[in-house]
Number of protein chains: 2
Amino acid sequence: MAKDRKIDLVILGLLSHEDLTGYDIKKRIDGSISFFWKGSFGSIYPALNEMEKSGLVKKKEAKKSSGREKIMYHITAAGRKVLADWLKDEQASNDLKYETLLKIYFGGSEDKAVTICNIEAFEKQIKENLELLKLYKENLESVLDEEGHINYYLTVTFGIDTYEAYLKWCTKAKKLLKGRR
Amino acid sequence: MAKDRKIDLVILGLLSHEDLTGYDIKKRIDGSISFFWKGSFGSIYPALNEMEKSGLVKKKEAKKSSGREKIMYHITAAGRKVLADWLKDEQASNDLKYETLLKIYFGGSEDKAVTICNIEAFEKQIKENLELLKLYKENLESVLDEEGHINYYLTVTFGIDTYEAYLKWCTKAKKLLKGRR
DNA sequence: CTCACAATATATCAATTTGATATATTATGG
DNA sequence: CCATAATATATCAAATTGATATATTGTGAG
């Protein structure tokens, strides 16, 4: 096993654009990336320490005069190599864990209202996130020609397209359930 | 924390229909459920043991005359209660972890061909799974009136609708990348 | 018929990840 | 000027994965 640590690649990917602290990395992951990946402090800080030991990143302890410790990380050439190799490897694990679908799947013996309620909660979640994604898209459309922005744009449109498909399915599903009550 | 064990609910959901062994449970999870949830032996067997201790399931050690040990599990009333409460609770964690999107997001500085390659690998994965889902759907359409089958059907159409949206996005994305090479 | 291989079956382990919590500092709004 | 939010690092138990160990039963090719 070992070297299944996907968080390493997320961190290296982020550091390939700019130097960041662990806290910064968490903020980036919680931003536009959060639609297709997650990451917690509990994985970020240990990963940074281990990658520093193995030479993929370098510490740049930017201690302010009086301030609290603040460890800035910088990607090394070795780190860039690991990142590039991963990008060129076309195999990818794409995993979905949707508790809503689990509840629908197992909710067949319950009253149909229970399933409808679960679909409506999902619908609400998706609508909120869709609004956010549409904002990202708008802001991106003006800077699409800048280096790397098309790729960022593509992940946003992926989110929008799938969320819109989800909402259409919600409408269809509720209609089907109500028709057969 | 504690009681974040989603695998418990998957197991209880499966046992609410029929008695199963841990091995059977793994097979069910790897079937039609695998499109929206995963589960490994390493989580199933410990969960079964702990749920037996807490009285949510009961062992029915169906030792064949000569055969190897085979532990059949049966859901208890307490187990059904836990399952029903979970189904009625509308909050749900819906998490997507798509390494492909991560590679697209971070692939902006690489050659566009790298991103296209990653999209094509994804496209292939999705096409294969879509064929499977369409087979499930066909088989279900004739038994849609049976108890609980609409719910199963809905999860399958969810998969089909989103996978079709993915494929449309793949075509669009490749066109956009090639146009701007 | 038999032998290798696939399928059935349970169990455990290291590595990974989550989600929570602990701790401390700095900025800010009422 | 004080409470709260934001910044910042770190650690831990619990959950999960993916691999591996072990053993039995069914089956198809020779």
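Letters A, B, ... are given to chains in the order of the sequence lines, protein chains preceding strands, and every chain is numbered from 1.
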Round to a whole Å and report the spacing from [atom1] of [X] to [atom2] of [N].
{"X": "B:D95", "N": "C:dT17", "atom1": "CG", "atom2": "C1'", "answer": "12 Å"}
{"X": "B:K59", "N": "C:dA11", "atom1": "NZ", "atom2": "C1'", "answer": "12 Å"}
{"X": "A:E99", "N": "D:dT16", "atom1": "CD", "atom2": "P", "answer": "10 Å"}
{"X": "A:Y45", "N": "C:dG19", "atom1": "OH", "atom2": "C1'", "answer": "15 Å"}
{"X": "B:L9", "N": "D:dA15", "atom1": "CG", "atom2": "C1'", "answer": "14 Å"}
{"X": "B:L102", "N": "C:dT17", "atom1": "CG", "atom2": "P", "answer": "11 Å"}
{"X": "B:I71", "N": "D:dA23", "atom1": "CD1", "atom2": "P", "answer": "16 Å"}
{"X": "A:K26", "N": "D:dA6", "atom1": "NZ", "atom2": "P", "answer": "15 Å"}

Phosphate OP1/OP2 of [N] contacted by [X] side-chain N/O (<4.0 Å):
{"X": "B:Y23", "N": "C:dT10", "answer": "no"}
{"X": "B:T21", "N": "C:dT10", "answer": "yes"}
{"X": "B:K6", "N": "D:dT16", "answer": "no"}
{"X": "A:K38", "N": "C:dT17", "answer": "no"}

Nearest to side-chain heavy atoms of A:R5, which nucleotide of C:dT10, C:dT16, D:dT17: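 Selected nucleotide: C:dT16.
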Side chain of B:D4 - closest among D:dA15, D:dT16, C:dT18: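 Looking only at side-chain atoms, B:D4 lies closest to D:dA15.
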Rounded to 10 degrees, the angle between the two terminal axes of the helix from C:dC1-D:dG30 to C:dG30-D:dC1, each from five pairs: 40°
[atom2] on [Y] to [atom1] on [X], rounded to 0.5 Å:
{"X": "A:I71", "Y": "A:D24", "atom1": "CD1", "atom2": "CG", "answer": "12.0 Å"}
{"X": "B:L130", "Y": "B:E128", "atom1": "CG", "atom2": "CD", "answer": "11.0 Å"}
{"X": "B:I150", "Y": "B:T155", "atom1": "CD1", "atom2": "OG1", "answer": "12.5 Å"}
{"X": "B:S43", "Y": "B:K6", "atom1": "OG", "atom2": "NZ", "answer": "13.0 Å"}

Side chains of B:I119 and B:T100 in contact at under 4.5 Å (non-hydrogen atoms): no
Contact nearer the 5' end of DNA chain C, comparing B:S43 with B:K97: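 On the 5' side of the pair lies B:S43.
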Along DNA chain C (nearest heavy atom to each residue), the more 5'-positioned of B:P46 and A:F41: B:P46
Within the 6.0 Å centroid threshold, strictly below: B:F35 and B:F158: no
Parallel, tilted or perpendicular: ring planes of B:W86 versus A:F106, cut at 30 and 60 degrees: tilted
Touch class at under 4.0 angstrom, heavy-atom based, for A:G22 against every strand present: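 If one applies the 4.0 Å heavy-atom cut-off, A:G22 turns out to touch the sugar-phosphate alone, with no base involved.
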